[in-house]
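Keep in mind that what you see is a predicted model, and the values were worked out from it rather than measured. Just so you know, ligand 1 is whichever comes first in the structure, and atom 1 is the first atom listed for that ligand.
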Amino acid sequence: MCAIMTARECRLLGVEAQIVLLDGAKKIGAKILVAGGGRCNVTHHRVLPNDYAGASRNAIKKVLKAFNERATIEFFENLGVRLKQEDTGKMFPVSDSAQSVLSALLDECDRLGIAILHPWRVGRIQRDQDRFVVTSTEDRHEPKAFDCVVLATGGMALPKTGSDGAGYRFAQSLGHSVTQRVFPALVPLVVDQRDSWLMALSGISTRATLEVHSGTGKRLAAFTNEVLCTHFGLSGPGVLDISRWYLDARQDDADASLVINWLGETSFEQLDQQLQSLGKKTVLGFLRESIPDRLARALCEQSDVEPSTPGHALSRDQRRLLGRMLTQCPIAIERDRGFTFAEVTAGGIPLTEISTSSMGSRACEGLWIIGEILDVDGRIGGFNFQWAWASGTVAGRSIARSIAESIAT
Ligand SMILES: Cc1cc2nc3c(=O)[nH]c(=O)nc-3n(C[C@H](O)[C@H](O)[C@H](O)COP(=O)(O)OP(=O)(O)OC[C@H]3O[C@@H](n4cnc5c(N)ncnc54)[C@H](O)[C@@H]3O)c2cc1C
């Protein structure tokens, strides 16, 4: 995206530049291809700063405003990739094929004369007077010198695609810092053996509200979305969304906890009222109207309530215990599944070290930094690509302007 926008803006400004894209991966654009289950969730129909975490929302907003979701839709449409909106607000290519997104980008690079060298893995970037010398990890590639460099190496999620954190090292060697915490986000969670009953529900998916509570009981974050029970614990969009908030909270507060309301937005008090007015209806019959049968039975078992108990026969203690299990169910988490299973990285290079109007480095002239390597992570829904498109565009336009200025002086 950044290379395309640099080349387009250079043409507009009537300046010539040689643009070289170096990628260590054998297969270029691997993340685009795996994204959205192979369909690539390119963006979201409504992107707001609050859909992101990490850096200040104001700084994020500035970048998003410069190239918003409508601009993304138009950009891809002009490349022949029409996007469609799904009920969740996610935008996918009409073709349902991530390959169509990648091919469109590569064809546009080709049309604009952008050289793509891969596999060309960067091992070192050094400032040599007013140029950058980029050295490969492999002897067969000669070092290359450039007037400016863009770091777009991604974070650490799914390292086999090539984003393994090397970019942080490059940034540090050029005068940047990296947040103290760099951890997996949008990552499935492994449940502790104490809650092994959940693993027995493997395959069940239901809409629920997940909350992170501090040790003092304060609600720190909440998401309502699908939760998938698996053989190791929990996955699904709701769990992926809450994961970074839970993992972050746990680093400060060993007593922070994850709590699930299996009935979504129904409160404990509302449920208690409903259970009191069940009459002859059984608990299982009632619960099956809202949650899957196996989950309803498991929650009854955890509350020591026989599922066939008619509502009027529930004791107050039973009712309250069941109510807590259903609406404030604490889940003991052993760990996350790590970067191999994460979709994005939380933490990275602080946005305060970058000018958000250009994505240019404040620490090193001639360096631009974009995408997931920065301390910005979005929730599920196309927000992370939108960040990549927007920050890449802001940088591309700024690089072209700086080339034009350097020619003029
Ligand atoms: C399984 C999965 C599914 C996802 N689905 C979606 C989705 O549907 N929608 C969405 O918005 N987001 C999704 N994401 C997140 C999204 O893919 C990323 O946030 C986005 O790709 C980040 O873009 P980037 O250009 O910053 O980094 P990346 O896409 O990670 O690209 C970094 C590139 O840098 C290269 N590189 C790294 N180090 C070096 C080096 N030393 N030398 C040379 N090259 C190097 C890598 O090979 C890679 O090609 C998904 C992520 C995963 C893992």
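Of the N or O atoms in D164, none lie within a sub-3.5 Å distance of an N or O in ligand 1. Between A166 and ligand 1, a contact under 3.5 Å exists for no N or O pair. Checked by distance only, ligand 1 and G36 come closer than 3.5 Å through their nitrogen or oxygen atoms. Inclusion of K31 in the set of residues having an N or O under 3.5 Å from an N or O of ligand 1 is warranted.
Under a 3.5 Å cut-off, the side chain of D96 and the backbone N or O of R39 do not form any donor-acceptor pair.
The side chain of L158, and not its backbone, has at least one atom closer than 4.0 Å to an atom of ligand 1 (non-hydrogen atoms only; side chain from C-beta on). By the criterion of a heavy-atom distance under 4.0 Å, the backbone of T161, and not its side chain, is placed next to ligand 1. Looking at F170 against ligand 1, only its side chain comes within 4.0 Å, counting heavy atoms. By the criterion of a heavy-atom distance under 4.0 Å, the backbone of A342, and not its side chain, is placed next to ligand 1.
Residues meeting the salt bridge (charged side-chain N to carboxylate O under 4.0 Å, His left out) test with K218, sequence neighbours left out: none. Residues meeting the salt bridge (charged side-chain N to carboxylate O under 4.0 Å, His left out) test with R11, sequence neighbours left out: none.
Taking the six-membered ring for Trp and thresholds of 30 and 60 degrees, F383 and Y52 have ring planes more than 60 degrees apart, a perpendicular arrangement. Taking the six-membered ring where tryptophan is involved, the planes of W120 and H141 are essentially parallel, since the angle between them stays under 30° and well short of 60°.
Annotation: atom 19 (O) of ligand 1 to nearest protein heavy atom, E372 OE1, 2.7 Å. Residue, atom and distance of the protein heavy atom nearest to atom 23 (O) of ligand 1 are A388 CB, 3.9 Å. The closest protein non-hydrogen atom to atom 36 (N) of ligand 1 is G162 O, 3.8 Å. Of the protein's non-hydrogen atoms, the one nearest atom 2 (C) of ligand 1 is E343 CG, 3.8 Å. The single protein non-hydrogen atom nearest to atom 1 (C) of ligand 1 is V34 CG2, 3.8 Å, given as residue, atom name and distance. Nearest protein neighbour of atom 27 (O) of ligand 1, counting heavy atoms only, is G154 CA, 3.2 Å. Nearest protein neighbour of atom 42 (N) of ligand 1, counting heavy atoms only, is V122 N, 2.8 Å. From the protein, the heavy atom lying nearest to atom 21 (O) of ligand 1 is F385 CE2, 3.3 Å.
Figure legend: R324 and F268 shown as a cation-pi pair, the cationic atom lying under 6.0 angstrom from the six-membered ring centre and within 45 degrees of its axis. Both tests hold for R337 against F232: distance to the six-membered ring centre under 6.0 Å, angle to the ring axis within 45°.
Of the listed options C40, A157, S163, G38, S163 places a heavy atom closest to atom 28 (P) of ligand 1. Residue A152 holds the heavy atom nearest to atom 32 (C) of ligand 1 of all those in G382, A152, A98.
Of all the atoms in ligand 1, the ones that sit under 4.0 Å from a non-hydrogen atom of G24 are 43 (C), 44 (N), 45 (C). Of all atoms in ligand 1, numbered sequentially from 1 with element shown, those under 4.0 Å from a heavy atom of A25 are 47 (O). Counting the atoms of ligand 1 from 1 in the order shown, those under 4.0 Å from a heavy atom of G371 are 26 (O). When each atom of ligand 1 is checked for a heavy atom of N41 under 4.0 Å away, the hits are 7 (C), 8 (O), 9 (N), 10 (C), 11 (O). Counting the atoms of ligand 1 from 1 in the order shown, those under 4.0 Å from a heavy atom of F383 are 11 (O). For ligand 1, the atoms lying closer than 4.0 Å to a non-hydrogen atom of T153 are 32 (C), 34 (O), 37 (C), 38 (N), 39 (C). The atoms of ligand 1 that sit less than 4.0 Å from any heavy atom of W120 are 43 (C).
Of the candidates L174, L367, V149, L367 is the only one forming a side-chain contact (heavy atoms from CB on, under 4.5 Å) with S361.
Side-chain N/O atoms of E69 and T43 include no donor and acceptor closer than 3.5 Å. In the model, E265 has no side-chain atom that pairs as donor or acceptor with a side-chain atom of N261 under 3.5 Å.
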Start with the C-alpha distance between Q328 and H213, add both sets of side-chain angles, then the distance that settles side-chain contact (heavy atoms from CB on, under 4.5 Å), and finish with yes or no.
CA-CA 11 Å; Q328 296 162 10; H213 291 181; over 6 Å; no
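Annotation: E365, atom CD; neighbour count of heavy atoms from other residues, nucleotides and ligands within 6.0 Å does not exceed 12.
Residue contact annotation: W387 has no non-hydrogen atom under 4.0 Å from ligand 1.
Salt-bridge check for R297 with D293: passed, with a basic side-chain N closer than 4.0 Å to an acidic carboxylate O.
Heavy atoms only, all atoms of each residue included: V150 and I399 are closest at CG2-CD1, 3.3 Å. Of all the heavy atoms in M156 and P159, the pair that sits closest is O-CD, 3.4 Å.
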